[in-house]
Amino acid sequence: MHQIKTLLHSADCLLITAGAGMGVDSGLPDFRGNSGMWQTYPELGRQQIDFTSIANPQAFAENPRLAWGFYGHRLALYRKTVPHAGFDYLLKIAEHLDLPYFVFTSNVDGQFAKAGFDPERIYECHGSIHHLQCTQPCCDEIWTADITPVIDNDKCLWLSELPSCPHCGSLARPNILMFGDWHWIGARSDEQESRLQAFLSKYQNPVVIEMGAGTAIPTVRRFGERFAPNLIRINPRDNALPTRGGISLPMGAKAGVEMIWQALIG
């Protein structure tokens with residue numbers, strides 16, 4: 001904790017980075033392995049459909065009601081989820097230290113904005129489930145997911161009229177970077193990334209608090225490791241540090257961030 005306090009007090013900005021493990025303390029699934037996903041979506045388990053197959057543009061082409069059953073359930077789940085206390089502790093840490101912050105996350109759930117983080121300081125590198133695009137796509141437009149999911153949860157099927165593109169009438173899909181995805185419209189995320197790069201150009205000594213970033217898709221981990229040893233890695237499993245070092249807290253996101261907060265005010 002003394003090392004963490006020293007690191008934070010010497011920083012001139014705070015980078016908050018998060019993978020799927022960040023949402024676990026809010027009750028969200030992290031899709032780590034098929035067993036976890038199939039427990040939440042038993043129909044996908046019965047059909048032996050793994051995450052890479054359903055989180056795939058081909059699923060929308062071959063079985064749009066099943067694909068939208070999966071994403072529609074997630075959209076409804078994320079809308080009703082209350083971000084856990086760790087989000088608030090992160091905001092308190094930034095305020096207590098008077099540090100400007102930026103969020104880098106691979107999560108598509110929108111929980112950081114929901115928790116009160118400035119949307120202009122969030123980079124969602126894999127897009128957002130709260131925005132849609134055309135499956136074709138017929139144009140580059142991205143729009144808000146103003147839809148109401150009606151799902152048969154047991155069968156993982158979308159029951160109501162399928163979301164459609166307002167321009168050409170084709171099937172719409174979430175504006176999320178999927179596996180094998182050549183048609184993701186990344187303009188919204190590109191704008192967020194540009195703001196992040198402008199932010200980083202202003203500061204010389206960032207410190208990273210990373211939470212729940214796994215190794216299977218290491219986008220978040222690799223970003224944070226650029227700033228090692230100014231890296232605090234919070235992860236109950238994948239907590240090994242890069243060769244340049246850092247500080248490892250082998251625990252969940254909420255517990256780790258709360259520990260940092262208590263150390264700062266203690």
Mind checking side chain to side chain donor-acceptor pair (under 3.5 Å) for [X] and listing every partner two or more places apart, or none if nothing turns up?
X: H73; result: Y41
X: N175; result: Q133
X: N239; result: none

Does any part of the side chain of [Y], heavy atoms only, come nearer than 4.5 Å to the side chain of [X], both counted from C-beta?
X: P163; Y: W158; answer: yes
X: P236; Y: M251; answer: no
X: P174; Y: V108; answer: no
X: I247; Y: L241; answer: no
X: L231; Y: E225; answer: yes
X: F104; Y: V220; answer: yes

Practice prompt. Over all heavy atoms of both residues, which pair between H130 and D109 is shortest? Give the atoms and the distance, please.
Written response: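 Smallest heavy-atom distance, with atoms named: NE2-O, 2.8 Å.
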Worksheet item: So which heavy atom on S106 is nearest to which on G19, and how close?
Response: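 That would be OG-CA, 3.7 Å.
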Hydrophobic cluster membership, [X] vs [Y], 4.5 Å side-chain cutoff:
X: I16; Y: I234; answer: yes
X: L177; Y: F70; answer: no
X: M259; Y: I209; answer: yes
X: Y78; Y: F112; answer: no
X: L249; Y: L15; answer: no

Worksheet item: Under 6.0 Å from the six-membered ring centre of Y71 and within 45° of its axis: does the NZ or CZ of R173 meet both?
Response: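 Judged by the rule (NZ or CZ under 6.0 Å from the ring centre, within 45° of its axis), R173 is not positioned above Y71.
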Where the side chain of [X] meets the backbone of [Y], is there a donor-acceptor pair that is under 3.5 Å apart?
X: S189; Y: E124; answer: yes
X: S10; Y: L7; answer: yes
X: S53; Y: I49; answer: no

Item to complete: Give a yes or no on whether a salt bridge exists between E210 and R233, defined as a side-chain N under 4.0 angstrom from a carboxylate O.
Response: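 Counted as a salt bridge, because a side-chain N and a carboxylate O are separated by less than 4.0 Å.
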Worksheet item: Is it true that R195 and E120 have a side-chain N and a carboxylate O under 4.0 angstrom from each other?
Response: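 So R195 pairs with E120 through a salt bridge.
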Discussion item. My understanding is that only residues two or more places apart in sequence, or in another chain, count here; which of them pass salt bridge (Lys or Arg N to Asp or Glu O under 4.0 Å) with D12?
Written reply: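 Checked D12 against salt bridge (Lys or Arg N to Asp or Glu O under 4.0 Å); zero matches.
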Worksheet item: Under 3.5 Å, is there a donor-acceptor pair linking the side chains of E141 and H167?
Response: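 Result is yes, a qualifying pair exists.
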Practice prompt. Kindly determine whether T81 and L28 satisfy side chain to side chain contact (heavy atoms under 4.5 Å, CB included), including the steps that lead there.
Written response: CA-CA 8 Å; T81 297; L28 297 177; 3.3 Å; yes
Identify each donor-acceptor pair in which a side-chain atom of residues 84-100 lies under 3.5 Å from a protein atom, sequence neighbours left out, and give them as a table.
| from | atom 1 | to | atom 2 | distance (Å) |
| --- | --- | --- | --- | --- |
| H84 | ND1 | G86 | N | 2.9 |
| H84 | NE2 | M22 | O | 2.8 |
| Y89 | OH | E258 | OE2 | 3.4 |

Practice prompt. Using side-chain contact (heavy atoms from CB on, under 4.5 Å) as the criterion, point out the one residue from N205, L8, V208 that pairs with N230.
Written response: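 Among N205, L8, V208, the one meeting side-chain contact (heavy atoms from CB on, under 4.5 Å) with N230 is N205.
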Worksheet item: Below 6.0 angstrom between ring centroids: does that apply to Y101 and F199?
Response: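 Not under 6.0 Å, so no.
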Fill in: Any pair counted as ring pair (Phe, Tyr, Trp, His ring centres under 6.0 Å), so long as it reaches residues 224-250, sequence neighbours left out
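Pairs touching residues 224-250 that pass the test: F223-F227.
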